[in-house]
Each structure stands twice: as structure tokens, then as C-alpha cells.
Q: 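Take a look at the following structure, please.
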Amino acid sequence: MKKKIIAGVALGAAAVLGFAGPAMAASDLITINENGGTGADDGLKIQVAFGQIQVTGNGAVQLYSTDAVPDPSAYGNLSNYPIVVFNDPDEGVTVVGYSGLDDTDTFTDATDAHAWESFTSESTIDGNSGTVTNHLVYSDGNSDEVNLDYKVSYTYPNQYLNLELTVTSVGADFTGVPYKMYWITDATLGGEDAGMQFGGTAASGAQLGGVVSPDGSTIQSFRQTSGQSLNWFAGYYGCPMWENTDNECVPDGTANPNGLWIQNYQDFPNAASTVGTVDEPLDNGWGASSPELTAVNTAINFDMIFASCLDGVEALQCAFDAAGESAPAAAAPVLATTGSDASAIVPAVAVMMLLGAAATAFAVRRRNA
């Protein structure tokens, strides 16, 4: 077993790197299961730096973009983010952890938004398993400092990892201010930047929700872990920050169906989008959000499933199988097969959704770009 402690600091686009402990390689990118992720039987390769993650499974990267790994010198080069949103009744909403601040359409003028500025890291790697923790810092002076621990844990050869987020301390401006934590990602499925969505509840009561490739061969999904009470969405990747009106986020009739959840300090709706067709898959993503919190050092965690699906296995069942879950006794409606293997691809997918226990939803639309 080896333990590594490293540190990295980024100020704007520039970076200053420092190291604690013995001399070591000048890199803050830490990899778990470095030789894995090449096939269906050698687990996941996981790369972590600066609160960003890239996962490789079955020979393909899983998170947007396909040619990127986490950059230890600058936050936000990958489209997955640990975000803390404070809701001060006098000062309004403050978003910490989203890097797309050059997009003036993303947040309203009433929303104060900031990227993480620096981080330090530590890791424990034991064979092909391990844990990496990034200690993220935002500080515009001591009064509004925010510190968050971003902890990735993986046990080989699982098809899932665990992500834990903890606000460890805040400055005086945020002391006692209610907050929520969010994690969001833009998905890449088998190398493709589009797919469909699904969601449901296992026999254990755990909620799962995520995205599936058009041929049904690859899924990635949220899984609620024991003792947690988190919310999720699966739909157009920009829904947490942007408003949409055509069911790209979640179906009409669902709470807050049009997105824009983060800057409005809203829970994710525990639902999957149902828009589109198999021929026009959605540029999709997914995420999880916490309930409202006030005390620091309150951790949230959830599993992230990245699995290859066998021919004849639909997405929700594939997620159950990968996570060691089982379907509820009251079976969901029978769905068309969506899986693929080396000898066959089944392109047909049933687009349907049943909200509640054993709910399953698929939706498709292609990005206009």
C-alpha cells in the first residue's frame, strides 16, 4: 500500500504547484486502476484532479469530453462539477464550483457565481483499488472562504465508484447560511456525446437514474447509497443551469420541469427526460443534489455506475446488475431490449416512463450544433 500527499494551486489560468512530504513526480493527476478500463472484466480506470473526474470503462472514456483528463492546473476543463449553493435571504444565491462563468446566459445578474480556486490532494492506492481526496478551496478573502472535500473511492473490479462531498468549513459570510450541494456531468457514452435517459427504484429502495447509449450497450447512472436522501435528474446536460421548455429536462407535470435548478436553489426532480426518438438522441447528462443543509462537515455520498450491458438487458436492469441490486417484486412494464454485445446490436428502444417505484424512462434528442 502506498500513500501520496500532493498539492496544487490554480489562480485564474495560471498554476502554482507545491508538494508536501517526500519528493515525488510533478503531477497532481492521480489514477486509480491505471491499467484498467480496457474491457468488460478489468474494472474502471479513474483519473482525479482539482475536483474533476474522468472514468474509462470497456475501452472508452465516459465523461465529456472524450479527449480530456482532469487538469491539475486549472479547474473546469471537464464538464463535471462539485457545486455548493448558498441561499442567504439578505444577499441572495451564491454558487461556488461552476466554471462556465464566461457564459453570460448561464446565471442571472442576481446570482453570484465562482469557480474553485485551488486544491490539495491526498490518496491511498492499494493494488487496483484506492481513494483520492481533493481538498477544494474558494476564497475571496477570509470572510467568504469555502472548503470542500471531494472524495473518490473505488474497489476493484466493481463497475461503480463512490463520490463523497463534504463542506468542511466556511468563512463568516457563509456561517449558518443554508446551502445545498450538487454534482453534475455531461455524459459521453461509448465515445458518443448523446444518448437516452432512464430511472427507477431497486427492490432495496435505492433510487437509480442515468443515461444510456443509443444502442443500449453502455450506461452510466447515479445510485442512492444507504442512509442518503439525495435527488437526481437525467436529461439535457445543461438543464441544471439553463432553462428549457420542451421536456428536455424532465416531463411536464414533474416538479420544476424546465431546469434552471441550481441558481433557483431547487432540488433535482428525481425524474428522467422523455423527449425525442432513438434516431435523434439527446446530448444528455445527469446529476445528484443534496437536501438543504446548514452545518458544515455534513457529508453526502452516492455511487456512480459505469457499465457495459449485455444483449437483451435494458438500461435499468443493467444498472441493477452492475450495482448488485435487484428489481422490485412488482415488475415494471416489459421494455424492448436495448443491449448489445460483440455479435449483435439492437437499435430499437422503447420510450416510456412510469414515475414512482420501478420507474423507467428513455428520451432522445440531438444537440443543435
Side-chain angles (χ1 to χ4, degrees), residues 1-10 15-38 41-57 61-63 68-73 75 77-78 80-82 84 97 116 118-137 146-169 181 183 185 220 222-223 225-228 230 288 296-307 322-324:
M1 181 181 294
K2 59 181 180 179
K3 188 166 185 179
K4 180 190 291 183
I5 300 177
I6 57 183
V9 178
V16 178
L17 301 181
F19 301 93
M24 55 194 68
S27 173
D28 291 336
L29 178 66
I30 303 174
T31 302
I32 305 172
N33 192 22
E34 185 169 4
N35 296 317
T38 63
D41 59 356
D42 64 349
L44 303 173
K45 176 182 177 180
I46 302 163
Q47 297 168 285
V48 185
F50 216 152
Q52 306 272 272
I53 187 171
Q54 182 60 277
V55 177
T56 304
V61 297
Q62 302 295 310
L63 302 174
V69 297
D71 184 350
S73 67
Y75 178 70
N77 72 304
L78 282 163
N80 57 81
Y81 307 98
V84 184
W116 297 108
S118 64
F119 79 111
T120 57
S121 272
E122 58 185 290
S123 65
T124 301
I125 307 298
D126 186 3
N128 296 327
S129 303
T131 299
V132 180
T133 302
N134 289 167
H135 305 289
L136 301 171
V137 179
V146 181
N147 294 275
L148 179 136
D149 278 2
Y150 174 98
K151 180 180 179 181
V152 177
S153 302
Y154 175 68
T155 300
Y156 181 85
N158 286 344
Q159 296 184 81
Y160 60 90
L161 58 93
N162 184 264
L163 179 63
E164 182 172 279
L165 305 178
T166 310
V167 176
T168 58
S169 65
M181 286 185 276
W183 185 86
T185 190
Q220 50 184 268
F222 157 83
R223 180 186 45 175
T225 50
S226 178
Q228 297 293 293
L230 306 182
V296 298
N297 289 312
T298 303
I300 67 165
N301 74 80
F302 58 91
D303 287 337
M304 300 163 58
I305 305 168
F306 299 90

Q: Minimum heavy-atom separation for A322 to A307, with atom names?
A: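 Smallest interatomic distance, heavy atoms only, reads CB-CB, 3.6 Å.
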
Q: Regarding T133 and D149, do their side chains bring together a donor and an acceptor under 3.5 Å, going by distance alone?
A: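 T133 vs D149: no donor-acceptor pair found between side chains.
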
Q: Test M181 against L148 for side chain to side chain contact (heavy atoms under 4.5 Å, CB included), laying out the working first.
A: CA-CA 10 Å; M181 286 185 276; L148 179 136; 4.0 Å; yes

Q: Please report the shortest heavy-atom distance between Q228 and I300, naming the atom on each side.
A: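 Heavy atoms of Q228 and I300 come nearest at OE1-CA, 3.2 Å.
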
Q: Using the side chain to side chain donor-acceptor pair (under 3.5 Å) rule, take D303 and T225 through it: C-alpha gap first, then chi angles, then the decisive distance, then the call.
A: CA-CA 7 Å; D303 287 337; T225 50; 5.7 Å; no

Q: Tell me whether T155 contacts the main-chain N or O of S129 through its side chain, where contact means a donor paired with an acceptor under 3.5 Å.
A: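 Not at all, since once roles are kept as given, no pair shorter than 3.5 Å links the two residues.
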
Q: Please report the closest heavy-atom contact between G51 and P82, naming both atoms and the distance.
A: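 Taking G51 first and P82 second, the nearest heavy atoms are O-CD, 3.3 Å.
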
Q: Tell me yes or no: between the side chains of N162 and S153, is some donor less than 3.5 Å from an acceptor?
A: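 N162 vs S153: no donor-acceptor pair found between side chains.
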
Q: Does any N or O in the side chain of Q54 come within less than 3.5 Å of the main-chain N or O of A68, such that one atom is a donor and the other an acceptor?
A: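 Here the side-chain-to-backbone pair exists.
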
Q: Less than 4.5 Å apart, any side-chain heavy atom of W183 and any of I53?
A: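 Result yes, sub-4.5 Å side-chain heavy-atom pair found.
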
Q: Going through the checks in order, is the side chain to side chain contact (heavy atoms under 4.5 Å, CB included) test met by N147 and H135?
A: CA-CA 7 Å; N147 294 275; H135 305 289; over 6 Å; no

Q: In the structure I gave you, are the side-chain heavy atoms of T166 and N297 within less than 4.5 Å of one another anywhere?
A: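 Touching, per the 4.5 Å side-chain cut-off.
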
Q: CG of D28 to CG of N134: how many Å apart, nearest 0.5 Å?
A: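 Going from CG on D28 over to CG on N134, the span is 8.5 Å.
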
Q: With heavy-atom distances below 4.5 Å as the criterion, would you say the side chains of T298 and V167 are in contact?
A: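 No, side chains not in contact.
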
Q: Donor-acceptor pair, N33 side chain versus D42 backbone, under 3.5 Å?
A: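 Yes: the side chain of N33 pairs with the backbone of D42.
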
Q: In Å and rounded to the nearest 0.5 Å, what is the CG to CG distance from L63 to N80?
A: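 L63 CG to N80 CG: 5.5 Å, rounded to 0.5 Å.
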
Q: How long is the straight-line distance from CD1 of I46 back to CD of Q62, given to the nearest 0.5 Å?
A: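 Reported value, rounded in 0.5 Å steps: 11.0 Å.
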
Q: Are Y150 and L163 side-chain neighbours, meaning at least one heavy-atom pair lies under 4.5 Å?
A: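 Yes, their side chains come closer than 4.5 Å.
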
Q: Restricting to non-hydrogen atoms, name the atom on V296 and the atom on S169 that form the minimum distance, rounded to 0.1 Å.
A: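 V296 and S169 have their closest heavy atoms at CG1-CA, 4.2 Å.
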
Q: Is W116 close to V146 at the side-chain level, that is, under 4.5 Å between some pair of heavy atoms?
A: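 Yes, close enough: below the 4.5 Å cut-off.
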
Q: Considering the options V55, T131, N128, L161, which one meets the side-chain contact (heavy atoms from CB on, under 4.5 Å) requirement together with Y154?
A: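 That would be L161.
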
Q: With rounding to the nearest 0.5 Å, note down the distance linking CD in Q159 to CE in M304.
A: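 The CE atom of M304 is 14.5 Å from CD of Q159, to the nearest 0.5 Å.
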
Q: Considering non-hydrogen atoms only, spot the tightest contact between Y75 and F50 and give its length.
A: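 Scanning both residues completely, I find the closest heavy atoms to be CD1-O, 3.0 Å.
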
Q: Rounded to the nearest 0.5 Å, how far does CG of L29 lie from OG1 of T31?
A: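 Separation between the atoms: 4.5 Å.
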
Q: To the nearest 0.5 Å, tell me how far Q52 CD sits from F119 CZ.
A: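 Result: 10.5 Å between the selected atoms.
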
